[in-house]
Each structure stands twice: as structure tokens, then as C-alpha cells.
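Just so it is clear, the model here is predicted, and its values are computed rather than measured. Per chain, numbering begins at 1; letters A, B, ... match sequence-line order. FYI, side chains are in, hydrogens and waters are out, and symmetry mates aren't considered; it's all heavy atoms of this structure.
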Amino acid sequence: MVHKITLTVNGYKRTVEVKDNELLLDVLRDKLKIKGLKAACWRGECGLCTVLLNGKLVKSCLVLAVEVDGSEIVTVEGLSRDGELTELQKAFIEHGALQCGFCTPAFVLASHQLLLENPNPTDEEIKEKLSGILCRCGTYYEIIEAIKSASNFYRKKQR
Amino acid sequence: MLYAKLVTSTVPHAKIKRIDFSKALQIPGVVKVVTGKDFPYRVGMYAGDRDLLAIDKVRWVGHPVAAVIAESLESAEKAVDLVDIEYEELPAVFDPLEALKHDAPLIHEKMEEYRHSPAFKPIPGTNIANKFTLVKGDVERGFREADVIIEEQFYIPHVSHCYMEVQNVVAHYHLDGTVEIWTSWQNVAPIRQIMALSLGIPHNKIIVRIPYVGGGFGGKAGLGWEALVAVLSKEAGFRPVKLVLSRREQFTVAAVREGFYGFAKAGFKKDGKFIAYDVKFILDAGAYADYTVNVGRAVGYSADGSYDIPNIRVESLTVYTNKIPTTALRGFGYPESHWVLEQIMDRAAEKIGLDPAEIRRINLVKPGISETCTGERLREDAGNPEKVLQTLLEEIEWNVPPEKPGEPWKIRSKGLALFVKGPAQPPNAAASAILKFNEDASVDLLIATGNFGQGTITGLIQIVAEEFGLPLEKIRVDYIRDTHKSAYTWQTVGSRGLFTDGIAILRAIEDAKKQIFRVASEVLRCPEDHLELVNGEVRVKGKPWEKIPLQDIVMGYTYPNGNSIGGPVIGRGVFMSTHTTYLDPETGQGNPTIFHTFGGAAVDVEIDLLTGEIKVLKIVQVLDLGRVINPLLVKQQVNGGSLMGLSIGSYEQIKFDERGWVVNPNFTNYYLIRIKDIPKEVVWKAVETAQSDGPYGARGVGELTMIGIAPAIANAIYRATKVKINQLPMNPENLWKAFKEQRPDLFDEALKMFIESKKLVEVRA
Ligand code: FES
Ligand code: FES
């Protein structure tokens, strides 16, 4: 069966037809052309398809699109405004927290959410929160550095 | 766009009796089903042994037998299940040692027909895809003179590259005969070359384009699925076709790193001098060994590592089995040869009563004096292995015993390993660069070196910016590599990019500068050699007020009356190695590589004797990079390579069942290191022995950083417990078994202490 669903993606309302068995991942990438989220396993192991669904981090390959009709979704494209990178994104570049960059959108998004919830994370808290995402290039150290250096901005925002 | 899906073999070795895809064709949206008979091509880079789809027989569980082309992925997936294949099974062989026996099933019957590169020696009528031999000195005499002899066997299982972006290709065969390809691959040139040679399409009708790539690690070198998808596009009526592998297919269909056996015998004098080394490597190459024959060659000629061994004999056999095909992976045989050699060093040290660092110092090669095992005299500026070792010892505080862990059943220990690596490439592997100036004196740099996370492009841009005194933003390298538009480079593999393409770029810069200075000299009325380029201006040396901005020259200089001289500036440069050679087919003598980067790794580990768990607390890497061009990029390569080395060393292994099926083709059962698993610290130090013919003296680094990790950890374990770990991965299961078998006394003691400590807690409670 085909359903018409409406999602708010990065602030824009999008209406799209989906089948019962279509993954949120495929709908976002193939139908709505949101290419920031990636996929490397299609079964919940790599975390590269992570999106913010109603303010929570989820792996979009484990979600059926029909289930989330009416939801709000944020992907990495939704973080920056007017083509200007966020301080967190700049910190990723400055600290070299990406090599091939394939995992980067997921890490940026998850780090952003982590800092919103906890603008002063310890190494252990960062590791705990981000262990669901894989990076084969091995940028984990640089990601921790980038998060710590950007955390300042999240603390200021909170005040 | 059409979508392709592969129908793969369910048996390891069989004749294909019949393929029935009539039911598949009934699925709505299915355009066509094709089989190997439709394209009887052989493709490949080195062994030239691959088919596009199985022809007549299948050679492993996973071998693509047919391809379904459909309007949607869903239709293609449905149709795949309906293709019915009837097999006549043949005896299969899964272990390379078995495959070497004279009565083993023959996997490739027509090996003599394969178009292999001249550097290799396949042996038709056997399962040997390549036999590499190397002889230097007289090993037998060496062993007779030796006081101490070490004999050991080592093993490394198959591992997957696990680049995050799976292999994917879009191909469009146009009606005019042009083939357009988009692919997630490391290099454009070999795809075009192999397709042209095997499919008979002229080079200029094949356009290969590669955008950013989500990781390669050697697993996207040579040729991928491009030739197959191109012919599928033609079969489907000249419509574009897309093929995307699943992660499961990455573990079962795409090539992975080979399995490896090492049988080593080493002879030392009482004073620690390494005088004889007889080693046999056997590579489990799987069903196709196209690239692995070259890995087998590199394992062979890197057998001597950083040491001067006067008598050495190496045999390295790349052997076919009925398993998944194999290919290069970061390090290209060097992690394998060093897994063997670097542990031999520690075993010998222990037997002789020397410190592991001391036995290495005694045997280190001396650039300018020593020869490698291929008979290459090391150039004086090849590196400073002695200083590498010294720096390593200082950084890991070798002589300071580690603290005792709080729990007495755990032990802390330090271990180290040295390594050396050069690019394994054909002697004539060239590179080139073109740089074009734009009106505002910005530069378009046309190069072909791939962009899959190594950061080389950043380093290369820096070189151009520095040479012209321009800000980095003025130099642009497009993110797409394109056989039609980029300059040529053979491949981006083996840590060669910065070196080979860097030299080509320096020569292109030189060429452009000549053009610029010729015009400027006329305008400024000053000899060319009195001019210099500073801050984007040509200035007369010593008279900085006499100058012309670059933008007034790079499109030609126009005098006030309109007269013009010069013209658009385009610099070109090439790299071609002049001193590398093929190796002698019997003795392995010759010059295989354009540089050697020396390095060392040391680790500080905590070992849990009861559970077999090891925790690496600190990793130190010291590298003789010649010259550090960008420290952040080096740091990334060190951190990334250390973690990959640690992951492969500790967790990774593709497991097969007795019928050749991969039992763990996913990231749940094939564990990769995650952020929670990283050691507290990775530290790196550079030794900078500039190589006069390198770009600013630099040498490559990308692969180096993972070679030393596994042997350093194994050496740390051996140093503290005398337990030999000859087999990867060093996971708790393997280590626990090794502790229990080799040191039951230590194990029992640890257990006793554990129980004691629990009792104490109980009493207190
Ligand atoms: S693609 Fe969703 S977790 Fe891997
Ligand atoms: S940067 Fe390549 S996978 Fe993370």
C-alpha cells in the first residue's frame, strides 16, 4: 500500500508517497534527496544514517517511513544557516576530525545533540554517546578534540 | 536509471550446468538477466585472472553468476531470488596448504591463457598464482655458523577493508560507443586501461569519473565492477545502470585481504647478529588473485624489514583456494612480513639474553652502506633507522618499568616493533600534473591522485601555494578525478601520492615559473635569475619596489600601447622513476621501490591473564618522513593507522564455515574498533632525514602507521609472560587459550590471586 506522509525536514514541510516497507533512510536519501545521511550497513550497526527524529538521535535504517508521519527530522544539512558552518563544524575541520568524510555527517549531528544535552562532556561521556557510529579512517581522537573545543559555544548558548 | 543486482553462487566449486531465469524475467520491472557466457572477458591488473560473471564454473560461495537489471532495486532484488542455477559440484579446497598438494582440486585450468604482468610467475597446472623467490648470500652456511636458531609459524586470517562507503558504480554505454563511468574507487587510470585492453574499447572512448570516496585502504585499487556495469548498460539498451554492493556482499563477493601463513627459520650469532633467514610465505588468495600476486611479491621482498641480513632465502607463494577473492590492504604485504620478522627479533633477543631494543640496534641497516635483501644499496638519505629506534625508546620510556596494575592478575608491559615500507608499484609507474593560471592569478591544479581520506590533496595544494607565494584559497583541485580532464597518474596506492604527484607538481611549478620569469625579465629589463616570486608578485631580488603582480603576467603581459608578450601560463610536470627495476625472477634482486620510509611503533599494554583481554594504554609511533609537510595530516594518518592496526590486530577476522561460507558478514559479528575502545594516548614523533629527490625531502606515510601495532602488542605480551602469540587476532579467546596452554603456572597463580581478592572483599563485607 502507498501512503502519503508529511515530514518536516530541516525546517521545510515535505509531503511524499511511501510504501509500507520503505525505510526512512531510503525516503530521505532517494526521494527527498537529502544526501548528508549515509549508509554503510543497512541494519543498525554503523550509525552513519543517524538523524534527529523529534529531537532524538535515531538510525534511520531501522525506522519505517510510514511510522513517522508528521515528525520533525533534522539532518546535518539542517545545522548550518545561510551557508555558514556552525562552530562545531568548523572545529571538526580545524582539528582534522574527518578523513574520507563519509562518517562525518553522522558524527557532527550526534556531537551537536550531545553538546546540547551536555555542554561540558568528559571524554568518557563522549565515548559512551558516540560509540554507535563507526569511522574506519580512525578519526576518533580528533572528534573528541573537536567536540571539546566547540563545547564553549554550547555553554555560552545555554547561559 | 536502471539497477543491477548480482546472483551469486551458493556452492564453493562447481560446474554451471544450467541457469534458468525465466521466472525472474516475469517480475514487473525486470529488463534483462545476463550471465557470464554473454561476456567471455578476462580482466585484471597483475594476474589478469578475473571474469566479469562466472563462465562455466564457480570458484567460491559468492561468485557472481548472473546479473539482473531492473527498473527499480526492489524488482531486481525480487528477481535475484528467482534465478535458478543447477550446479555439478567439484571438490573444493579452502586451505592454501591443502591447495598446494599435487592432488588438490585445480581451481584455474587455463592459467596459461591469462594476460599477467611480466613481474609474475604463475604456475599453470597448479594452484600457484605466483611464485616469488629471493636469494641473497648463502643461508645454509649462515645456519651452520649460527649459535641460536629460531623456528616459528605464524598466521593471519582474512580481514575486510571495511571502508565505510560500499563499492558502487554507475555506467552509461552511449550509442556513439563512449562509455561513461562514475565509481567509488581509488584511481581512474587503471579502470580505463584494463577496460580498454580487455573489452577492446579505445582509451579515449572510456571516461572514468571519481568524486570523493568514502575510504579505500587499497581495496579500491585496480579494477572493480566498472567493466561489468558498462556491459550491462549496453545490454540494457544503452541506458545508465547502477550497481551498489550491500555490506554483506562486501564480505562475501568483493575482494578482501588474503589469509596468510609464515614459516620462518632464523639464525643468530651469540652477539645478536642476525646471519641467516629462511622464510616461506603462503598467501591464501581465494578464487582470484589478480592483485594479491603483487602483495605476495611485496611480502617477499620486504622480508628483511629494517635489518641487514647477509644470508636470506625467501619463497612467497600466492595460492588459489575456493574462498572469496583477495586484494591489497593498507600496508600491502608489509604488515604480514613484519608480523613474522618483528616477533622473531624478540624471540631471538630472549634466547640470547639481549634487550629487544639492543638486538635491533645491532642489526639495523645503515643507509649509504647496507644493501636490502633485493640487493639495493640504500641511499645515504634513505632515512635514519637508528634515530627512529632511539626516539622510540625515549618516547615510550623503554627503561622505565610500567606501574603495576591494582589487580594482581593483571600485568603491564611494553613492546616495540620497527618497520619500513615503500610503494609496491611497477618500475614505470608514472605521474603527471598540469597547472593552469586563471586571470586573477588563481590556479587550477589538474592531478589524478585520488581523494579518499588521506589528505594528500591538501599537502599538494600547500606546495603550489608556497612556491608561488599565493594564499591556499587561490589553488583549486576539483573534487572529481576524470580520465578526460585530469592529468595522468598510474594509481594512488602504496603511500606514493605525495611523493610521485608531489614531484610532478614541483616540475609543473618549475615549468610555469620559467614562463612567468621569461616575460617578467623582458618587462622589468632584468635577467631571469635576478627575479623572485614573493606574495603573488614577481620582484627583482634586492629591489622589492621593482615588481609586477602575477595577474598581469599569467594571461600574457600587455604594454600601455597594447603590445603584448607571453600568453596564458600552463605548467606541466611529470614523475618517472629512473632507478626502479623488475626483480630477477630467480633471485629477487633489483630495485623495487622509489623510497623506503623507516619507522617504529611501541605500546604500553595491560594484560588480563584471566580473561585474555588486553588494553592498550599508549601507542608511540616514530616515522622518518623525510620532511613533514603538514603536521595535522601526519597526525591523522598516525591516529587512523594506529587504530586500524589495533582493530585488525585485536578483533578482526572473516570466519568461514567448512563449506566456505562467510559466517560473520556484518558489523555485529565482525567487530571494528569504536570510539569507546581507543587507547588513552597515541603519540607521534617525526625524524626528518630529507630525501634529496622527494618533494621538499618528504616521503610517504599513509600505510606505515598500521604495520607496527600488532607485532608491538604481541612483543609486549611475550616480554612479560613469555607467551608466544603467533596468530591474529589477539582477541580474548585466542589469548586466553595461549595463556592457559603456554603458561598454566601464570594462569593458576593469577586465578588464585583473583579468588583471594574476592575472599578479602567478602570478609570485609
Ligand atoms: S545504515 Fe543505518 S546503522 Fe548502518
Ligand atoms: S572519516 Fe572516513 S570513515 Fe570516518
> With only heavy atoms counted, which part of B/I673 is less than 4.5 Å from chain A, the side chain, the backbone, both or neither?
Replying inline: both
> By a 4.5 Å heavy-atom criterion (distance strictly below it), what part of B/P679 contacts chain A: side chain, backbone, both, or neither?
Replying inline: both
> Is it the backbone or the side chain of A/E22 that comes under 4.5 Å from a heavy atom of chain B, or both, or neither?
Replying inline: neither
> Most heavy-atom pairs under 4.5 angstrom with chain A, which of B/Q250, B/M644, B/R247, B/E74?
Replying inline: B/R247
>> Heavy-atom cut-off 4.5 Å, strictly under: side chain, backbone, both or neither for A/E142 against chain B?
In response: side chain
>> Could you measure the distance from the CZ atom of A/F92 to the CZ atom of A/F107? Nearest 0.5 Å is fine.
In response: 7.5 Å
>> Whether the side chain of B/Y670 engages the backbone of B/S160 through a donor-acceptor N/O pair (distance < 3.5 Å, no angle test) should be reported.
In response: yes
>> Side chains of A/T122 and A/E124 only: does a donor on one sit below 3.5 Å from an acceptor on the other?
In response: no
> Side chain, backbone, both or neither: which part of B/L245 has an atom under 4.5 Å from a heavy atom of chain A?
Replying inline: backbone
> With distance as the sole test, does B/Q462 use its side chain to make a donor-acceptor pair with the main-chain N or O of B/I629 at under 3.5 Å?
Replying inline: yes
> Which atom pair, heavy atoms only, marks the closest approach of A/S151 to A/L115?
Replying inline: CB-CD2, 3.7 Å
> What part of A/L48 is in contact with chain B, defined as an atom under 4.5 angstrom from a non-hydrogen atom: side chain, backbone, both or neither?
Replying inline: side chain
> Looking at B/K618 and B/E395, does any basic side-chain N land under 4.0 Å from a carboxylate oxygen?
Replying inline: no
> Side chain, backbone, both or neither: which part of B/V166 has an atom under 4.5 Å from a heavy atom of chain A?
Replying inline: side chain
> With distance as the sole criterion, is a donor-acceptor pair present between the side chains of A/N10 and A/T75 under 3.5 Å?
Replying inline: yes
>> Taking the ring centre of each residue, are B/Y212 and B/Y479 less than 6.0 Å apart?
In response: yes
>> Using only non-hydrogen atoms and a strict under-4.5 angstrom cutoff, which residues of residues 453-461 of chain B touch chain A?
In response: B/G453
> What option among A/A40, A/G138, A/C103, A/C135 has the most heavy-atom pairs under 4.5 Å with chain B?
Replying inline: A/A40
> Salt bridge or not for A/E45 and B/R674, using N-O below 4.0 Å?
Replying inline: no
>> B/T183 and side chain to side chain contact (heavy atoms under 4.5 Å, CB included): which single residue from B/N168, B/V188, B/V170, B/I210 fits?
In response: B/I210
> For B/I675, is it the side chain, the backbone, both or neither that has a heavy atom under 4.5 Å from a heavy atom of chain A?
Replying inline: both
> Among pairs that include at least one residue of residues 105-116 of chain A, which meet side-chain hydrogen bond (donor to acceptor under 3.5 Å, both in side chains), considering only residues two or more places apart or in two chains?
Replying inline: A/H112-A/Y154, A/Q113-A/E117
> Roughly how far, to the nearest 0.5 Å, is the CZ atom of A/F153 from the CD atom of A/E87?
Replying inline: 3.5 Å
> Does NZ or CZ of B/K220 come closer than 6.0 Å to the centre of the six-membered ring of B/F452, within 45° of the ring's axis?
Replying inline: no
> Which bit of B/S642 is near chain A, if near means a heavy-atom gap under 4.5 Å: side chain, backbone, both or neither?
Replying inline: neither
>> Is A/L98 close to chain B through its backbone or its side chain, or both, or neither, when contacts mean heavy atoms under 4.5 Å?
In response: backbone
>> Quick check on A/K129 against chain B: is it the side chain, the backbone, both or neither that has a heavy atom closer than 4.5 Å?
In response: neither
> Among A/L130, A/L134, A/T139, which has the most heavy-atom pairs under 4.5 Å with chain B?
Replying inline: A/L134
> Based on non-hydrogen pairs under 4.5 Å, which of B/H161, B/R248, B/R330, B/Q637 is most in contact with chain A?
Replying inline: B/H161
>> Does either side chain, that of B/E165 or that of B/S184, offer a donor lying less than 3.5 Å from an acceptor on the other one?
In response: yes
> Side chain, backbone, both or neither: which part of A/D123 has a heavy atom under 4.5 Å from chain B?
Replying inline: neither
> Checking B/L632 against chain A: side chain, backbone, both or neither under 4.5 Å from a heavy atom?
Replying inline: side chain
